[in-house]
Amino acid sequence: MSTAQSLHQSRKRKNAVMMALCVIAAGIGLAWLALILGALLYKGLSGVSLAVFTQMTPPPGDAGGLLNAIYGSIVMTIIGIVVGTPIGVLAGTYMAEYGRFSKLTTVVRFINDILLSAPSIIVGLFVYELMVRPMGHFSAIAGAVALSILVIPVVVRTTEDMLNLVPNALREAGTAIGAPRWVVIRSVAYRAALSGIVTGILLAIARISGETAPLLFTALNNQFWSSNLNAPMASLPVTIFQFALSPYEEWQQLAWTGALIITLTVLGLSIIARSLTGRREDR
Amino acid sequence: MSAVSEAATSPAMRTREATVRRFAFTDMVFRAATRASAILVLVLLGGVAISLIAGSWEALSKFGISFLTTESWNPVTENFGALAPIYGTIVTSAIAIIIAVPIGIGIAVFLTELCPRPLRRPIGIAVELLAGIPSIIYGIWGLFVFAPFLQTTIQPFIIWLFKGIPGLNSLFAGPPYGIGLLTSSLILAIMVLPFITSITKDVFDTVPAVLKESAYGIGCTTWEVTRRVTIPYTRVGIMGGVMLGLGRALGETMAVTFVIGNAHRISASLFAPGTTISATIANEFTEADGAIYTSSLVALGLILFIITFIILALARYMLLRIDSRTGA
């Protein structure tokens, strides 16, 4: 009886210890998020001013802003999304609609999942070999292409997943009234999966707006205002990289402020994306 | 009667046929467009492989297999070897995984078994938000906040603690720079934690309630259910999540570039600066002059591509296996 009791006690103790460790693990995870966001807010907020959004990146030792970097980031992100989204949506459509059971879909899904987590610096090297080397110079358009390559796998994945969730009865109803396949896809499947597909696009924007590695040797950087897509263009992440590693205090401050802007943008986009799918689940 | 109906339907029939033909044509075009896009995904990966092989050909044909086994990285004499970056990449990723896996599984257990229901979703979302933070943010935080903290508090303490212990004293030998292999590993651990956590939590949710309830029914504690039922049932899925995290850690660029120190040498001490494949490429590519220098950097990229491809393929294979089991 007493051995049974002590065994029971030791099992309970072990359980309490392991569960306490799990709680601590969760605490560590949350504390880290709080630490990083806290440091960002603390260091970044002190540098936020109107000048950040209205002035160009300064030469070393001067005050200035991030206007050209913000502009470059927005331009390259928009081009990346505009190029990458249609390809991603169409590929996802093939996988979920026309070729749902084909061999090609299985292979594409596997390769796409690998592209999804492939190191982004490899994509940078690819676009360097593909565009920068033949053209002979760095350019914003090369940076945008690199970003679009990162957009494609995200959009493919969410589009396929969301279209697969559309009930077949809806498609059959469309086909039964004589609509051809692509009209059914366009006006039934896309409409039913719209919020999911938009979520995928938002997640893709969130992903590429913070990407640095693929821009380092495609779009490079630019100290000055430039809207020429065929010339190097500044971007927020690359500017942060350059400024943070510099010895100048003004530059480091701008790097923190830029980091805060990117983080808030990315977190905002992720939260919007999440609330879109959240609503869909409730329905 | 029939003549009337013929006269009435015949033009209608014709437009109907034209419409059907037009629909068939647009459908074919749309189908071809979607198929071409799907194939483009394959072409992209193939293009990456081909361009990396083409770009690294010059270096690989000059150095041959010794590229993989040479530590020296000398742009002046144009003698390049990948051993130090490969070593740095593998060591930092391995340490990161060793730290992140127990914590990730712990959080997943917390979220599935212990967490009060109203808190479950917010905490899960918070952990996933960590995954969304761009790596450059981890980098700047690591460089300005985390590294100085390690340099002034943790590292001197560990050096003092292990001073007299053989083996450990060379593994944790000073001076405390703050930046270095261990700092990079810790940052990487923070970065892969959300991936491991969210996948582990997802596969934990696939365990049939009946299995867990029967274990609870014979009097098992929560830990025993986790250890004997949940984890064995989801082992393949957890491994897949770990491999996915490993793939991320191996290829992570910006966060590591900030805090690794970019030193092309292999040191016994984890506190010493080192380098990884991706950090070397990020730091040196735009400054590389000379075809052989650039080509060597692309060759590093090719090595990274091959390593991560294998790891990610294994991860996907494992996650597919658990998917097919829950599907069946």
Side-chain angles (χ1 to χ4, degrees), chain A residues 11-12 14-15 18-19 21-23 25-26 28-30 32-33 36 39-40 87 90-91 93-95 98 104 107-108 110-115 117-122 125-126 129-130 149 152 156 180-182 206 210 212-213 216-217 220 237 240-241 244 255 259 262-263 266-267 270 274, chain B residues 23-24 26-27 30-31 33-35 37-38 40-42 44-45 47-48 51-52 54-55 103 106-107 109-110 114 123 125-127 129-130 132-134 136-137 140-141 143 145 190 193 197 221-224 244 247-248 251 253-254 278 281-282 285-286 298 301 304-305 308-309 312-313 316:
Chain A
R11 283 175 56 208
K12 269 178 80 174
K14 193 170 180 191
N15 185 50
M18 294 316 292
M19 291 306 119
L21 285 178
C22 290
V23 175
I28 289 175
L30 288 178
W32 238 313
L33 181 65
I36 292 174
L40 256 184
I87 298 173
L90 285 177
T93 306
Y94 178 81
M95 292 159 73
Y98 288 111
L104 178 65
V107 177
V108 171
F110 191 77
I111 295 298
N112 187 65
D113 279 350
I114 286 177
L115 270 181
S117 351
S120 55
I121 195 157
I122 301 279
L125 282 178
F126 170 55
E129 296 285 341
L130 188 73
I149 293 177
I152 292 173
V156 169
R181 193 74 185 268
W182 81 282
T212 320
L216 281 175
F217 27 81
L220 203 67
I240 294 173
F241 179 55
I262 287 190
T263 311
V266 170
L267 289 184
S270 318
R274 219 165 271 283
Chain B
F23 274 163
T26 47
D27 195 45
F30 189 66
R31 189 195 157 99
T34 60
R35 201 178 147 89
S37 301
L40 184 69
V41 173
L42 301 183
L44 273 182
L45 197 83
V48 170
S51 74
L52 287 181
I103 300 180
I107 298 176
V109 172
F110 174 80
L114 302 171
I123 293 182
I125 289 174
V127 171
L129 286 183
L130 264 173
I133 295 179
I136 193 160
I137 308 298
I140 190 171
W141 181 78
L143 180 67
V145 181
I190 305 170
L193 185 62
T197 304
T221 61
T222 311
W223 166 245
E224 284 161 351
L244 207 59
R248 292 263 173 179
T253 308
M254 298 321 293
S278 48
I281 300 173
F285 199 84
T286 47
V298 178
L304 179 66
F305 178 72
T308 48
F309 185 90
L312 292 172
R316 288 301 165 192

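Sequence lines set the chain letters: A, B, ... in the order given, protein chains first and strands last, and positions in each chain run from 1.
- Ranked by non-hydrogen atom pairs under 4.5 Å with chain A, the options B:Pro134, B:Ser37, B:Ser51 are led by B:Ser37.
- Of the two parts of B:Leu130, the backbone and the side chain both hold a non-hydrogen atom closer than 4.5 Å to a non-hydrogen atom of chain A.
- In this structure, CG in B:Leu40 is found 11.5 Å from CG in B:Leu45, a value given to the nearest 0.5 Å.
- Here the side chain of B:Thr253 pairs a donor or acceptor atom with the backbone of B:Gly251 at under 3.5 angstrom.
- Side-chain contact check for B:Arg35 and A:Tyr94: at least one donor-acceptor pair (N or O, by modelled atom type) lies under 3.5 Å.
- Note that CG of B:Leu44 is 9.5 Å distant from CG of A:Asn112, once rounded to the nearest 0.5 Å.
- For the side-chain contact (heavy atoms from CB on, under 4.5 Å) test with B:Val48, the passing option among A:Leu125, A:Ile122, A:Leu130 is A:Ile122; the others fail.
- For A:Val107, the parts sitting under 4.5 Å from any heavy atom of chain B are the backbone and the side chain alike.
- With a 4.5 angstrom heavy-atom cutoff, A:Ile152 touches chain B only via side-chain atoms.
- Taking the side chain as every heavy atom from C-beta outward, A:Arg181 and A:Tyr98 approach each other to under 4.5 Å.
- Proximity to chain B is absent for every atom of A:Ala206, based on heavy atoms less than 4.5 angstrom apart.
- At a 4.5 Å heavy-atom cutoff, the contact between A:Ile114 and chain B is made by backbone and side-chain atoms alike.
- Annotation: maximal heavy-atom pairing with chain B below 4.5 Å, among A:Ile28, A:Leu21, A:Leu30, occurs at A:Leu30.
- In this structure, B:Trp141 and A:Trp32 have side chains that are in contact, with non-hydrogen atoms separated by less than 4.5 Å.
- Residue B:Leu129 touches chain A through both its backbone and its side chain, counting heavy-atom pairs closer than 4.5 Å.
- Under the 3.5 Å distance criterion, the side-chain polar atoms of B:Asp27 are matched with a main-chain donor or acceptor of A:Trp182.
- Of the two parts of B:Arg248, only the side chain, counted from C-beta on, holds a non-hydrogen atom closer than 4.5 Å to a non-hydrogen atom of chain A.
- When A:Gly210, A:Pro237, A:Ala244, A:Ala118 are compared by the number of non-hydrogen pairs under 4.5 Å with chain B, A:Ala244 comes out ahead.
- Closest approach of A:Ala259 to B:Ile140, counting heavy atoms only: CB-CG2, 4.3 Å.
- Counting heavy-atom pairs closer than 4.5 Å to chain A, the top residue among B:Gly247, B:Ala313, B:Gly132 is B:Ala313.
- Interface remark: of the candidates A:Ser117, A:Ser270, A:Ala213, A:Ser117 forms the most heavy-atom pairs closer than 4.5 Å to chain B.
- Only the side chain of A:Ile262 comes within contact range of chain B, judged by heavy atoms closer than 4.5 Å.
- Chain B forms more heavy-atom pairs under 4.5 Å with one residue of A:Val266, A:Ile111, A:Ile121, A:Leu40 than with any other, namely A:Ile121.
- Of the listed residues (B:Val145, B:Leu143, B:Ile281, B:Thr308), the greatest number of heavy-atom pairs within a distance under 4.5 Å of chain A belongs to B:Ile281.
- The most heavy-atom pairs under 4.5 Å with chain A, out of B:Val109, B:Ile133, B:Thr222, B:Thr286, come from B:Thr222.
- Side-chain atoms of B:Glu224 come within 3.5 Å of backbone atoms of B:Thr221 as a donor-acceptor pair (strictly under, hydrogens ignored).
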